Each structure stands twice: as C-alpha cells, then as structure tokens.
Amino acid sequence: MGRSNSKAARGSETAAATGAGGRTHAQGPLSRPVGSGLAELRPDRDRPAAWSLLIDGAPQSLVDLADPTHLGFEYQRRLGHLIDLVAPPGRPLTVLHLGGGALTLARYAAATRPRSRQQVAEIDTALTELVRAELPLDRGWQIKVRGGDARSVLERTPEGTVDLVITDVFSGARTPAHCTTVEFTTLAARALAPGGWYAANIADGGALPFARSQVATLGAVFPELCLIADPAVLRGKRFGNLVLAAAHTPLPIADLTRRAASDPAHARVEHGRALTDFAAGAAPATDATAAPSPEPPPGVFR
C-alpha cells in the first residue's frame with residue numbers, strides 16, 4: 001500500500017499508535033501515589049503505544065493502547081490462553097476479574113470476544129481512576145470496574161452466572177491470605193456457570209510451598225486442574241508466576257500444552273498424576289490456616 005501524505009491519514013496513524021485519548025510516550029513516564037503504593041506508568045521501549053504499570057517497583061500490568069490483544073507478560077499470555085479456550089472462538093463471555101491493575105486481560109477479552117460482559121473487582125479506586133484517565137478503555141467495551149475487596153465482590157456474585165473467574169489479586173507483590181483458601185475457591189466455584197473455569201495467577205519460588213498448597217486447595221474443590229509455569233520456576237531455580245486452572249469438566253490439556261510450548265517464554269503444563277505428585281503432602285489452605293503468598297526475593301524485579 002502506498003504512503004499517504006495527507007494530514008488525515010497521519011492523524012489516523014497517530015490515534016492508532018496511542019489509543020484515543022490515551023497517554024503518549026511524548027508525555028513521558030508518570031508516578032502517582034495510589035491506595036496500594038506508588039504507581040508508575042513507564043513507556044515500553046519496543047511498542048510505541050504500550051505502557052507498563054508498576055506498584056512500588058513491582059510490575060503489575062502491560063497495556064498496549066494500539067493493540068489490546070498484545071499480552072506482554074508471560075503470566076498474562078497464559079491466562080490469555082484460558083480466555084481463548086474456555087469457549088468456541090468469538091463467543092462472548094461473562095468474566096469476573098478479581099484484581100484489576102491496568103485491566104490488561106479485560107481489554108484482551110473485550111477485543112477477542114466482542115460483546116463479552118465483564119466485571120472487575122479492584123480495591124484500589126485511586127489506581128482505577130489513574131488507569132481510566134491515562135490508559136482509557138474503549139467506550140464500546142462492556143467492562144464494569146467495582147471498587148471493593150475481591151472476596152467481597154465474589155460473595156455477591158450470583159450463583160452460576162460466570163464463564164470464567166480470574167483471580168490476579170496482589171497487595172504489593174503478595175496475594176492476600178483471604179483470597180487463597182478453600183472457602184474462597186468454593187465461592188468461585190459457586191459463581192461459575194456450567195462448563196465454566198476458574199483461573200488464578202500466583203507467585204512463588206524455591207521449593208514452591210505456596211504453589212503446592214494452592215494446588216491442594218483447588219483440588220479440594222475442583223476435580224479437574226492444571227498448573228502452567230516456566231520450567232525454571234517449577235525446578236525452583238527462580239521466583240516467578242504460576243497459573244492454575246480448574247474446572248468441574250475436563251480441561252483442554254493438549255491445546256494448553258501446545259500453546260504454552262509455543263510461547264516466546266516456554267512453559268510447561270502439569271496435570272494428572274504429575275500434578276498430584278507435585279502437591280503431595282501439601283495441605284489445603286483454609287480461612288483458619290492461610291498465609292499470604294511469599295515475599296519476592298530482593299532484586300527480583302530489577
């Protein structure tokens with residue numbers, strides 16, 4: 001296609017690269033106190049309309065205003081695979097996101113599955129206001145952000161109404177204890193429509209005691225589950241994210257395995273006997289026994 005010199009064409013290209021009304025790289029990075037700490041928006045070096053969100057130095061989200069289907073973080077791509085596979089391609093979903101950040105996954109679901117209805121629970125209302133102002137959502141997307149605790153929102157979710165519950169709840173760099181328990185997982189299972197899935201992003205390292213306990217926790221509620229993670233994390237070589245998926249019906253393990261293996265950052269899918277062995281000896285977390293996810297080691301985000 002030939003290059004156009006018209007002002008209209010150049011204006012269209014600029015809008016596509018920045019997102020309508022969104023922050024531009026020419027405006028530079030932004031730091032602002034929010035309820036959960038110091039929020040930073042940093043321009044992405046490789047994508048002219050993309051921004052990273054950090055809270056107290058910990059990476060939380062990456063958003064490309066020109067391409068909401070771009071998932072720059074490894075764990076987000078793995079959750080994106082679940083959004084892709086939970087229903088036939090193009091079918092609208094009802095999704096409950098527990099934890100909002102910069103709303104990356106809600107944007108992805110809205111772009112890949114038009115007419116999806118999504119609700120996001122984000123306790124940090126100041127962060128939501130910052131994201132809406134600087135990284136605005138498309139007005140046509142059906143995304144409602146509720147300022148409240150994730151578990152409280154989950155408790156109020158009507159039974160059997162959600163195709164996918166995604167838990168990505170972090171206070172700083174740790175998942176709060178009350179969002180890691182059998183009781184919490186039971187609430188998520190109650191919210192799911194027939195055939196629906198539950199997914200959770202967690203972080204752990206070393207011998208992975210928290211991840212093993214979370215496998216046992218989900219296994220106490222759901223008969224089908226799998227774990228998706230970087231092999232180095234699974235071997236205890238580094239601290240990182242692990243994604244858990246659970247359901248009352250069989251998960252598409254073969255499709256998930258192919259997608260995880262083809263990612264730029266290769267991941268392994270553990271399920272069945274291997275996952276049972278992984279969690280062997282770990283006790284499910286309950287409201288009486290749960291602890292937050294572990295503190296990341298110093299320098300892990302540098």
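Counting begins at 1 with the first residue of the sequence. Because the structure is predicted, anything quoted here is derived from the model rather than measured.
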(request) To the nearest 0.5 angstrom, please state how far the OG1 atom of Thr257 sits from the CZ atom of Arg268. (result) 11.0 Å
(request) Taking all heavy atoms of Ala283 and all of Ser213, pick out the closest pair and write down the distance. (result) O-OG, 3.0 Å
(request) Identify the residue among Arg107, Arg47, His70 that makes a side chain to side chain donor-acceptor pair (under 3.5 Å) with Asp64. (result) Arg47
(message) Same cluster or not: Leu30 versus Leu65, using hydrophobic residues (I, L, V, M, F, W, Y) connected whenever any side-chain heavy atoms lie under 4.5 Å apart?
(response) yes
(message) To the nearest 0.5 Å, what is the distance between CZ on Arg151 and SG on Cys179?
(response) 7.5 Å
(request) Indicate if Leu137 and Leu53 have the same hydrophobic cluster label, given that clusters are the connected sets of ILVMFWY residues with side-chain heavy-atom separations under 4.5 angstrom. (result) yes
(request) Please check if Val165 and Leu225 belong to a single hydrophobic cluster, counting links between Ile, Leu, Val, Met, Phe, Trp and Tyr side chain heavy atoms closer than 4.5 Å. (result) yes
(request) State whether a side-chain donor-acceptor pair under 3.5 Å links Arg117 with Thr94. (result) yes
(request) Check Ala150 against Val169 and note the closest heavy-atom contact, atom names and distance. (result) CB-CG2, 3.8 Å
(message) Is there a path of hydrophobic side-chain contacts, each under 4.5 Å between heavy atoms, that joins Trp141 and Val63?
(response) yes
(message) Hydrophobic clustering (ILVMFWY, side-chain heavy atoms < 4.5 Å, transitive) - are Leu251 and Phe222 grouped together?
(response) no
(message) For Asp255, is there an ion pair with Arg259 - N to carboxylate O distance below 4.0 angstrom?
(response) no
(request) Could you go through the salt bridge (charged side-chain N to carboxylate O under 4.0 Å, His left out) check for Glu122 and Arg132 one step at a time? (result) CA-CA 13 Å; Glu122 174 54 65; Arg132 284 189 178 280; over 6 Å; no
(request) Using the six-membered ring wherever Trp is involved, compare the ring planes of Phe184 and Tyr198 and label them parallel, tilted or perpendicular (cut-offs 30° and 60°). (result) perpendicular
(message) Tell me if the CZ atom of Arg146 is crowded by more than 12 foreign heavy atoms within 6.0 Å.
(response) no
